[in-house]
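Numbers here simply count residues along the sequence, with the first being 1.
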Amino acid sequence: MITVSVQSNIDKVARELGVTIRSQVAYASRKAVTKTAEDVRQAQVREMRDVFDRPTPYTLTAVENRLIKNDPPTARVWLKDFAGKGTPASKYLLAQIKGGARPIKRFESALRTAGVLPEGMIAVPASGAKIDAYGNMDRGQIVQILSYFRAFPERGYKANMLHKTRERLARGSKKRLGFSYFVGAPADGKLPLGVWQKTTFAIGSAIKPVLLFADAAYYRPIFNFEYVSRITIDRVFNGHFKAAMLEAKARGIK
């Protein structure tokens with residue numbers, strides 16, 4: 001978490017400008033702190049575009065800034081800790097900033113609850129997974145898998161697949177008679193443990209992995225949040241404060 005206050009900078013620049021009117025200093029301080037916090041937020045967005053592979057729009061809006069104190073003016077720049085139905089940024093990005101274990105995802109928690117995903121393991125998309133434009137597993141396929149295993153949590157994914165949808169999947173088409181999911185390591189453990197899809201055709205069947213189970217992942221820190229914040233503050237704050245002081249003097253704030 002980064003706080004923008006920089007009282008020493010405020011005092012130094014005010015002396016350089018020869019400003020002694022307290023209300024002008026207070027006005028310029030609030031404006032400079034607010035504008036600097038926004039610059040820090042934008043710098044973090046640029047950093048995420050550089051260090052992450054195809055970050056989603058949701059991730060790029062994960063950093064927020066707000067004024068949390070008026071005297072002295074202080075703003076906070078940090079990760080959002082509320083996300084409605086999704087996963088808060090403060091949970092899934094923290095490992096990228098500080099390093100450590102990757103937090104379990106919502107659908108992984110649902111699979112654990114259903115007894116599908118072993119404790120201490122994570123689910124990694126395999127060759128049978130559908131991948132979206134951001135490199136993540138397609139949400140529709142996740143819902144389908146959870147529905148198949150009746151693994152929907154109480155909140156989030158709200159209901160099992162409709163009966164007609166299950167019938168349609170089982171029926172398939174003229175070429176594909178249908179498919180099903182199963183959990184295990186096919187061929188007597190010679191293939192990896194995971195969620196597999198079995199597709200039945202008129203002349204036989206085929207299997208492919210959709211999710212493979214792996215030991216929990218540990219991240220090294222790659223998102224240097226504090227460094228980006230500090231160099232941005234050092235670069236922009238004095239300029240914002242000087243501009244705001246000149247504005248305060250021009251407006252005749254007393």
Side-chain angles (χ1 to χ4, degrees), residues 1-17 19 21-52 54-100 102-106 134 136 155-156 219 221-251 253-254:
M1 181 186 305
I2 295 296
T3 57
V4 182
S5 180
V6 209
Q7 188 62 44
S8 60
N9 297 60
I10 291 171
D11 296 338
K12 180 176 182 293
V13 177
R15 287 195 302 270
E16 289 177 357
L17 296 176
V19 177
I21 300 175
R22 184 176 179 84
S23 58
Q24 291 181 357
V25 174
Y27 170 84
S29 300
R30 285 193 298 272
K31 189 160 188 177
V33 165
T34 301
K35 290 178 73 68
T36 298
E38 174 58 18
D39 285 342
V40 171
R41 187 195 66 79
Q42 292 182 17
Q44 300 297 354
V45 173
R46 292 192 294 271
E47 181 71 2
M48 286 190 285
R49 290 186 186 277
D50 288 342
V51 301
F52 297 145
R54 291 170 291 169
T56 66
Y58 178 75
T59 294
L60 293 175
T61 61
V63 179
E64 65 177 358
N65 65 284
R66 64 174 182 264
L67 194 69
I68 59 173
K69 189 177 179 182
N70 280 316
D71 188 19
T74 305
R76 186 185 79 163
V77 185
W78 191 230
L79 305 174
K80 294 178 181 178
D81 55 12
F82 178 76
K85 295 179 181 179
T87 302
S90 59
K91 183 176 181 181
Y92 74 87
L93 280 180
L94 199 58
Q96 304 285 4
I97 295 173
K98 296 185 176 181
R102 169 172 76 73
I104 187 170
K105 298 179 181 180
R106 288 175 66 88
Y134 303 104
N136 299 317
R155 296 178 182 177
Y219 293 150
I222 61 170
F223 181 14
N224 201 329
F225 193 94
E226 182 169 353
Y227 174 75
V228 171
S229 299
R230 293 302 176 194
I231 63 172
T232 303
I233 293 169
D234 291 344
R235 178 174 56 84
V236 306
F237 181 82
N238 285 1
H240 284 320
F241 184 69
K242 288 179 179 179
M245 280 300 318
L246 294 173
E247 180 186 338
K249 292 175 71 173
R251 291 176 58 180
I253 294 175
K254 301 298 184 180

field: salt bridge (charged side-chain N to carboxylate O under 4.0 Å, His left out) partners for Lys31, two or more places apart
entry: Glu247
field: Separation of Glu38 CD from Thr34 OG1 (nearest 0.5 Å)
entry: 10.0 Å
query: Between Asn65 and Val77, what is the shortest heavy-atom contact and its length?
result: CB-CG2, 3.9 Å
- prompt: What distance separates Phe241 CZ from Thr36 OG1, expressed to the nearest 0.5 Å?
  reply: 10.5 Å
statement: Arg30 meets the salt bridge (charged side-chain N to carboxylate O under 4.0 Å, His left out) criterion, sequence neighbours left out, with none
field: Partner residues of Ile222 under the side-chain contact (heavy atoms from CB on, under 4.5 Å) criterion, sequence neighbours left out
entry: Phe52, Gln96, Arg220
message: The criterion is salt bridge (charged side-chain N to carboxylate O under 4.0 Å, His left out); which residues satisfy it with Arg54, sequence neighbours excluded?
response: none
- line: Note: Tyr92 and Pro103 closest approach over all heavy atoms is CA-CG, 4.1 Å
Donor + acceptor pair across side chains of Ser229, Thr232 (<3.5 Å): no
query: Between Gln44 and Val63, which heavy-atom pair has the shortest distance, and what is it?
result: CB-CG2, 4.1 Å
query: If you measure from CG on Leu60 to CE on Met48, what distance do you get to the nearest 0.5 Å?
result: 5.5 Å
- prompt: Listed by chain and number, what are the salt bridge (charged side-chain N to carboxylate O under 4.0 Å, His left out) partners of Arg102, not counting sequence neighbours?
  reply: Glu108
- prompt: Can you tell me how far the CG atom of Leu94 sits from the OH atom of Tyr219, to the nearest 0.5 Å?
  reply: 12.5 Å
statement: All heavy atoms of Ala75 vs all of Ala37, minimum pair found to be CB-CB, 3.6 Å
query: When the ring planes of Phe223 and Phe225 are compared, do they come out parallel, tilted or perpendicular, using 30° and 60° as the limits?
result: perpendicular
- request: Sequence neighbours left out, what passes side-chain contact (heavy atoms from CB on, under 4.5 Å) with Thr61? Give chain and number order.
  value: Lys80
message: Pair Glu64, Arg41 - check side chain to side chain contact (heavy atoms under 4.5 Å, CB included), show working.
response: CA-CA 7 Å; Glu64 65 177 358; Arg41 187 195 66 79; 5.6 Å; no
query: Distance from Glu47 atom CD to Gln42 atom CD, nearest 0.5 Å?
result: 14.5 Å
- request: Would you give the length of the straight line joining atom CG of Asp39 to atom NE2 of His240, rounded to the nearest 0.5 angstrom?
  value: 3.5 Å
message: As a quick check of understanding, evaluate side chain to side chain contact (heavy atoms under 4.5 Å, CB included) for Thr56 and Asn136, giving each step before the final call.
response: CA-CA 9 Å; Thr56 66; Asn136 299 317; 3.4 Å; yes
